Protein chains: 2
Amino acid sequence: MPIDRRPLREQIREELLGRLDRGDFAAGTDINEVALAAELGVSRTPLREALITMAGEGVLESTQGRGFRFAPVSRKEFRELCEIVAGLEALALDRSDPAYLREIAPELLRMARDFPDRIAEQHVIERHDDEWHDLLVSGCRNERLIDLITSVKAGLRRYAHLLASDDTPLEREAAEHCRVAELLMTGDRAEAVQALRDNWVNGMERMMSRIPAS
Amino acid sequence: MPIDRRPLREQIREELLGRLDRGDFAAGTDINEVALAAELGVSRTPLREALITMAGEGVLESTQGRGFRFAPVSRKEFRELCEIVAGLEALALDRSDPAYLREIAPELLRMARDFPDRIAEQHVIERHDDEWHDLLVSGCRNERLIDLITSVKAGLRRYAHLLASDDTPLEREAAEHCRVAELLMTGDRAEAVQALRDNWVNGMERMMSRIPAS
DNA sequence: ACTATGAATTCTGAATACAAAAGACAGGAG
DNA sequence: CTCCTGTCTTTTGTATTCAGAATTCATAGT
């Protein structure tokens, strides 16, 4: 197997995003570069490179002289990000090969149906949801678009741990995914795109209340 | 007046993007960090920070051990970027306040009509075009979306100098802008969104032939 | 008691120094 | 002659150091 030869900044970024998923960092808190670098066992240089990348993605904020902080969460931003990702995924779906979409539709349907069956922890559910959306847009030839979606979704990760809850309305989410898959199977892409948008809007509304007011 | 207190990496990024507009850098060429840092009169550290930011925007590519290079241009990528920006601007328009859109519509119309009148150099035309689009989406409340559009458009800058030509079909472009403005004036946003998309698609097709095959 | 001022501390922003990988090139074996 | 290999050079990736800004805390003055 090929060994990991990626630059440190990427590994650091992944590690930080992972911690973000786990809610290790409170949103809005400042980052102490020396402390974090020591904790990760790297020097400040690649750490700062990772931080700059993440600031570009909107995960972090930076102000002159005060360094980086985890961008505070807000309903407004959550809504904005959801709108953007919904629009981008809809665009990706619109730009996909219809034949390929019909081909993967059964798998999408199967995944959606498996959704509520398994009693699982939050992060398993999230991973499953991510995989579903990844497969959905996997037929899009626009590589830049795929990259962009990934990047914007990184910003949404800050909200992941907030959404952890035992009364997650999984059935609703699964049903909406099923509907998208079914529409793709019949080849009605325009309707499927609309259903996908609805899924994002509805999902957003469901989660909105769990985000602190401001 | 407040003096410039932005971090060096931002100033460097702007300088590099400006040079890109002027076509100072050939696409696909490697960047020598020490040479470029010396030329700019800064150290490698903030330069690399700027390069990493630009790599995140897709303006540059980086490979392990080989550093950064200006991403090569291609019709495929140009098409991809245009599709994305078209989708994002359409989304921005869709998320704007209709009243505000009606309010700025006359100004948009005036700008579009002034378009072909002035005999101007290429970069003046480009600036004018940018201003028109900026005004168009200025009513969008989704700040993240606006930032994202700006970021993706940075990637399009690599194509700006390629598109310089004396037989630019300005009238066509202006006419399409007029149509968008007129539709906004009547309050028919859905149609305006469609016209905007058409504008991007048509503009893309017009430019496509000027990009080297691969 | 409260505010303002200034020193001390802490941390970021930038520069320099070091290490390691990639590329170039020459020499030798087949 | 060709291909491989080992060394040398160049350039990047990372660490460390230096300088300056922001914050904190204490103290003096009102």
Side-chain angles (χ1 to χ4, degrees), chain A residues 1-20 24-72 158, chain B residues 1-20 24-72 158:
Chain A
M1 72 169 187
I3 47 184
D4 199 359
R5 296 253 310 100
R6 290 173 309 156
L8 260 184
R9 58 174 178 273
E10 288 186 18
Q11 302 182 157
I12 294 172
R13 173 174 168 276
E14 276 191 18
E15 172 63 25
L16 292 180
L17 284 178
R19 294 193 181 192
L20 210 56
D24 290 0
F25 299 111
T29 54
D30 288 3
I31 290 178
N32 186 321
E33 296 179 6
V34 282
L36 187 53
E39 187 182 332
L40 295 171
V42 296
S43 83
R44 278 181 61 210
T45 308
L47 170 61
R48 276 178 62 86
E49 293 179 345
L51 296 178
I52 287 168
T53 304
M54 293 168 77
E57 295 171 330
V59 181
L60 300 176
E61 291 178 347
S62 78
T63 44
Q64 171 73 269
R66 245 177 280 185
F68 299 88
R69 76 191 61 174
F70 286 94
R158 288 181 296 129
Chain B
M1 69 172 187
I3 48 183
D4 199 359
R5 297 256 304 103
R6 292 174 307 158
L8 261 184
R9 57 174 177 276
E10 288 185 17
Q11 303 183 44
I12 294 173
R13 173 175 168 275
E14 276 191 18
E15 172 65 24
L16 292 180
L17 284 179
R19 294 192 182 193
L20 210 56
D24 291 1
F25 299 112
T29 54
D30 288 3
I31 289 178
N32 187 320
E33 295 179 7
V34 283
L36 187 52
E39 187 182 333
L40 294 171
V42 297
S43 84
R44 278 181 60 212
T45 307
L47 170 61
R48 277 178 62 85
E49 293 179 345
L51 296 179
I52 286 167
T53 302
M54 294 168 76
E57 295 171 329
V59 181
L60 300 176
E61 291 177 346
S62 78
T63 45
Q64 170 75 265
R66 246 177 280 184
F68 299 88
R69 77 192 64 171
F70 286 94
R158 290 180 296 129

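Since we're looking at a predicted model, the values are computed, not measured. Letters A, B, ... are given to chains in the order of the sequence lines, protein chains preceding strands, and every chain is numbered from 1. Values below: all heavy atoms of this structure, side chains included; hydrogens, waters and symmetry mates excluded.
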Comparing A:Phe68 and B:Gln64 on DNA chain C - which has the more 5′ nearest nucleotide: A:Phe68
A:Arg13 side-chain N/O to A:Thr53 backbone N/O, donor-acceptor pair under 3.5 Å: no
Within residues 30-45 of chain B: residues closer than 4.0 Å to DNA chain D (heavy atoms): B:Ile31, B:Asn32, B:Glu33, B:Arg44
B:Leu60 CG to B:Ile31 CD1 distance, which is reported to the nearest 0.5 Å: 5.0 Å
For B:Phe68, the option from B:Val59, B:Leu36, B:Leu51 that meets side chain to side chain contact (heavy atoms under 4.5 Å, CB included): B:Leu51
Heavy-atom closest pair, residues B:Arg158 and B:Ala71: NH1-O, 2.7 Å
Atom pair distance, as rounded to whole Å: CZ in A:Arg6 and P in D:dG13: 15 Å
Atom-pair distance (CZ on A:Arg5; P on D:dG13), nearest Å: 10 Å
For B:Gln64 against A:Arg6, the heavy-atom pair lying closest together: NE2-C, 3.3 Å
Earlier contact from the 5' end, DNA chain D, for B:Ser62 and A:Gly65: B:Ser62
A:Leu47 versus A:Ala37, closest heavy-atom pair with distance: CD2-N, 3.6 Å
Atom-to-atom span, CD1 of A:Ile52 to P of D:dT14 - whole angstrom: 14 Å
Nearest heavy-atom neighbours spanning B:Pro46 and B:Val42: CG-CB, 4.4 Å
Those residues that, when tested against A:Arg5, pass side chain to side chain donor-acceptor pair (under 3.5 Å) (two or more places apart): none
Terminal contacting nucleotides, 5' and 3', DNA chain C versus chain B (heavy atom, 4.0 Å): C:dA14 to C:dG23
Sugar-phosphate, base or nothing in reach of B:Thr63, heavy atoms under 4.0 Å: sugar-phosphate
Touch class at under 4.0 angstrom, heavy-atom based, for A:Arg66 against every strand present: sugar-phosphate
